[in-house]
Amino acid sequence: MTVEPPRDPTHGDLATNAAMVLAKPAGLKPRDIAVMLAQKLARVPEIEAAEVAGPGFLNLTLRPDVWRAELAAIDAAGADYGRSTMGAGQSVNVEYVSANPTGPMHMGHCRGAVVGDALASLLAFAGFGVTREYYINDAGGQVDTLARSAHLRYREALGETIEIPEGFYPGDYLVPVGQALAAEFGDRFVGAPEADWLAPFRTRTVALMMDLIRADLMLLGIRQDVFFSEASLGPRVQQALDTLAAKGLIYQGVLEAPKGETADDWEARPQTLFKATQFGDDSDRAMQKSDGSWTYFAGDVAYHWDKLARGYTALVDMFGADHGGYVKRMTAAVRALSDDKVPLDVKIVQMVKLLRAGEPVKMSKRSGNFVTLADVVEEVGKDVVRFIMLTKRSDSQLDFDFAKVVEQSRDNPVFYVQYAHARIMSVGRKAAEAGMVLPPADYARLDDTDLALVKLAAQWPRIVEQAAATREPHRIAFYLGDLAAAFHSQWNLGNDDPQRRFVIAGDPALTAARLALGGGVGQVIRNGLAVIGVEAADELH
RNA sequence: GCGCCCGUAGCUCAGUUGGAUAGAGCGCGGGACUUCUAAUCCUGAGGCCGCAGGUUCGAAUCCUGCCGGGCGCACCA
């Protein structure tokens with residue numbers, strides 16, 4: 001059963017399907033129930049009209065004063081308008097970015113960062129306790145490669161001429177790392193065997209890379225609470241394995257050969273396996289390699305085991321599209337570890353295609369010459385990057401065109417929303433410049449046309465809850481576009497009819513009421529932008 | 001071969017968890033500036049919601065099967 005604003009505004013302010021849902025259990029005709037309900041509801045003071053429509057819909061029209069009161073509520077709540085208690089008592093861990101600490105962030109990481117961060121803010125606004133987390137993959141072979149690459153730069157910093165072999169990280173960003181290592185260790189590791197320097201170089205270099213990444217995230221206004229190191233898992237891996245073993249979900253076995261492309265180096269070997277198939281996965285998954293060392297998956301299981309131990313009521317992971325195949329096994333592991341009590345929601349974030357005036361931006365991985373996040377933020381600004389990343393559902397591919405996203409026109413949603421806010425801010429200034437002395441706003445001066453705007457602004461709390469429930473922050477961006485459109489439309493009525501303007505010379509009372517209307521809309525726009533981490537512009541240039 | 005995601009206007013996409021006559025933007029046609037910033041707005045044309053069944057008062061939405069596109073199928077990280 002639902003009670004919600006209907007798509008078609010001629011169907012009133014609220015519509016409910018209650019009569020149709022109740023018809024079967026009540027053994028009555030839907031329309032008969034609807035008529036009965038309508039008669040009762042018509043006596044509710046806030047309800048102006050209750051009409052039965054179609055197969056048994058009940059359309060409710062609220063009295064205009066309800067909307068006037070809502071405008072007052074927006075004003076009173078201010079930045080808290082729309083804040084919800086739906087998440088009260090629940091704590092969610094949102095893990096996002098988790099880029100490998102082998103270099104600065106590039107645009108491949110950007111969308112997950114923005115969507116994850118906006119989701120975290122959204123959940124917080126909806127009343128959930130939220131932890132923003134980053135998993136540092138600092139335990140694999142790639143980190144050894146990073147350390148070796150840094151060692152080359154270290155020798156370079158000490159005066160050697162180096163050549164970077166194939167398979168090493170060639171990026172310039174390691175030059176200052178080499179200098180830092182040279183300053184720290186002097187020349188004592190120049191000719192030393194790798195075994196002497198690999199571990200310290202790995203630790204230091206990862207730390208410096210994480211500084212780099214944190215700085216990149218700050219450019220987007222992202223600050224995470226927890227940075228969890230894979231290398232620090234230690235005994236947790238065994239503990240997680242023991243937890244699963246205690247549930248009878250671990251066994252020694254041999255997996256079947258992978259289907260599809262036949263792996264030429266595959267051979268059947270006994271391993272320690274997790275019964276992922278019991279939890280909906282396609283295959284059981286290896287926890288230990290045949291030589292007894294842990295798999296990457298085992299580490300990830302231990303990591304999620306740790307998150308569960310920290311007592312969250314729900315977990316959210318943001319994955320890149322290329323990790324889609326990993327979702328089932330991770331979900332299976334969390335189901336097993338938590339006895340199905342703590343849900344893991346894995347959000348897939350699709351690729352971003354970078355364009356410049358319609359032409360794909362060329363990227364060469366080999367030279368390390370990828371488009372960095374810092375470059376993009378510098379070129380178009382944080383707000384544009386953040387907003388554009390939310391202009392599509394995150395599970396479908398997104399085009400990011402450098403030319404289009406800075407365009408000041410209707411088809412640029414960032415500009416469009418900010419322009420609406422700037423207009424709202426400008427009318428207040430205009431009234432002040434005109435030397436108008438405004439009385440306190442009397443909402444009674446607002447008519448149905450004005451109140452139509454309030455109705456849309458009043459949807460904000462619902463939008464927050466819906467977006468939080470579906471964990472889809474893009475809904476915020478779309479709503480703000482709708483609200484801005486309604487505002488612009490209202491604004492232009494003033495072209496034909498001066499009485500519909502916000503500032504009306506000679507009528508301070510109506511001006512005050514209209515400015516209050518604009519103020520309410522502006523407040524909601526600011527609140528929405530705040531949730532997605534975008535600044536509200538007071539004027540545009 | 002198997003799994004996951006996706007197919008909505010010419011293009012790019014929404015679609016209130018199953019509601020009423022499926023909506024925006026761009027593009028195309030027509031219109032509104034002695035203005036509170038026209039950086040905007042109004043209006044018209046444009047649809048078998050991939051196809052075929054099913055579930056029910058009711059389906060773009062849920063189920064099944066096809067067709068078409070993307071991603072993934074390690075003891076890698």
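Each chain gets a letter, A, B and so on, in the order the sequences are listed, and its residues count up from 1. Keep in mind the model is a prediction, meaning the values are calculated, not measured.
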For atom [atom1] of [X] and atom [atom2] of [N], their distance in whole Å:
X	N	atom1	atom2	answer
A:Ile348	B:G72	CD1	C1'	10 Å
A:Asn492	B:A32	CG	C1'	9 Å
A:Phe415	B:C41	CZ	P	9 Å

Does the ring of A:Trp491 lie flat against the base of B:C36, closer than 5.5 Å centre to centre with planes under 30°?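 Whether judged by distance or by angle, A:Trp491 passes, so it stacks on the base of B:C36.
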
Face-to-face stacking of A:Phe478 with B:A14, centres under 5.5 angstrom, angle under 30°: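 No, A:Phe478 does not stack on the base of B:A14, since the centre distance and plane angle fail the 5.5 Å and 30° test.
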
Under 4.0 Å between any heavy atoms, over every strand shown, what does [X] touch: base, sugar-phosphate, or nothing? Just pick one.
X	value
A:Asp300	nothing
A:Asp8	nothing
A:Arg423	sugar-phosphate
A:Ala434	nothing
A:Thr470	base
A:His323	base
A:Tyr326	base

Please list, by residue number, the residues of residues 505-518 of chain A whose heavy atoms come closer than 4.0 Å to an atom of RNA chain B; answer none if no residue qualifies.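 Correct list: empty, so none.
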
Go through residues 135-145 of chain A and report each residue with a non-hydrogen atom lying under 4.0 Å from RNA chain B, sorted by number.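 Contacts with RNA chain B under 4.0 Å: A:Gly140, A:Gly141, A:Gln142.
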
Taking 4.0 Å as the cut-off, does a side-chain nitrogen or oxygen of A:Ser426 come that near to OP1 or OP2 on B:U37?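 A:Ser426 to B:U37 OP1/OP2: side-chain N or O found under 4.0 Å.
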
Ignoring backbone atoms, establish whether A:Ser396 has a side-chain N or O less than 4.0 Å from OP1 or OP2 of B:A14.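 Checking B:A14 against A:Ser396, a side-chain N or O does come within under 4.0 Å of OP1 or OP2.
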
A:Asp411 side-chain proximity, nearest of B:C26, B:U17, B:G3: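 Shortest atom-to-atom distance from the side chain points to B:C26.
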
Closest nucleotide among B:U37, B:G15, B:G3 to the A:Arg393 side chain: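 Nearest to the side-chain atoms of A:Arg393, counting from C-beta on, is B:G15.
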
Mind checking the CZ-CE spacing from A:Phe319 to A:Met330? Nearest 0.5 Å is all I need.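 If we round to the nearest 0.5 Å, A:Phe319:CZ and A:Met330:CE are 7.0 Å apart.
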
Take N1-N3 plus N6-O4 or O6-N4 for Watson-Crick, N1-O2 plus O6-N3 for G-U, both under 3.5 Å. Which runs of 3 or more such pairs involve RNA chain B?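 Stem list for RNA chain B: B:1-5 with B:69-73, B:10-13 with B:23-26, B:28-32 with B:40-44, B:50-54 with B:62-66.
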
Taking the side chain as every heavy atom from C-beta outward, state whether A:Phe228 and A:Tyr134 have any atom pair closer than 4.5 Å.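 A side-chain contact is absent here, since even the closest heavy-atom pair is not under 4.5 Å.
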
Under a 4.0 Å N-O cut-off, is there an ion pair linking A:Asp507 with A:Arg445?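 A salt bridge links A:Asp507 with A:Arg445.
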
Check for me whether the distance between the ring centres of A:His421 and A:Phe487 falls short of 6.0 Å.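 No; A:Phe487 has its ring centre 6.0 Å or more from that of A:His421.
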
In chain order, what residues pass the salt bridge (charged side-chain N to carboxylate O under 4.0 Å, His left out) check against A:Arg526, with sequence neighbours excluded?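 Applying salt bridge (charged side-chain N to carboxylate O under 4.0 Å, His left out) to A:Arg526 gives none.
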
Within 45° of the axis and under 6.0 Å from the centre of the six-membered ring of A:Phe274, does NZ or CZ of A:Arg285 qualify?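 Not satisfied by the 6.0 Å and 45° rule.
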
Interface polar pairs with nucleotides 55-59 of chain B, N/O, under 3.5 angstrom:
{"from": "B:C57", "atom 1": "OP1", "to": "A:Lys24", "atom 2": "NZ", "distance (Å)": "3.0"}

So which protein nitrogen or oxygen atoms get under 3.5 Å of nucleotides 42-45 of chain B's nitrogens or oxygens?
{"from": "B:C42", "atom 1": "OP1", "to": "A:Ser489", "atom 2": "OG", "distance (Å)": "3.1"}

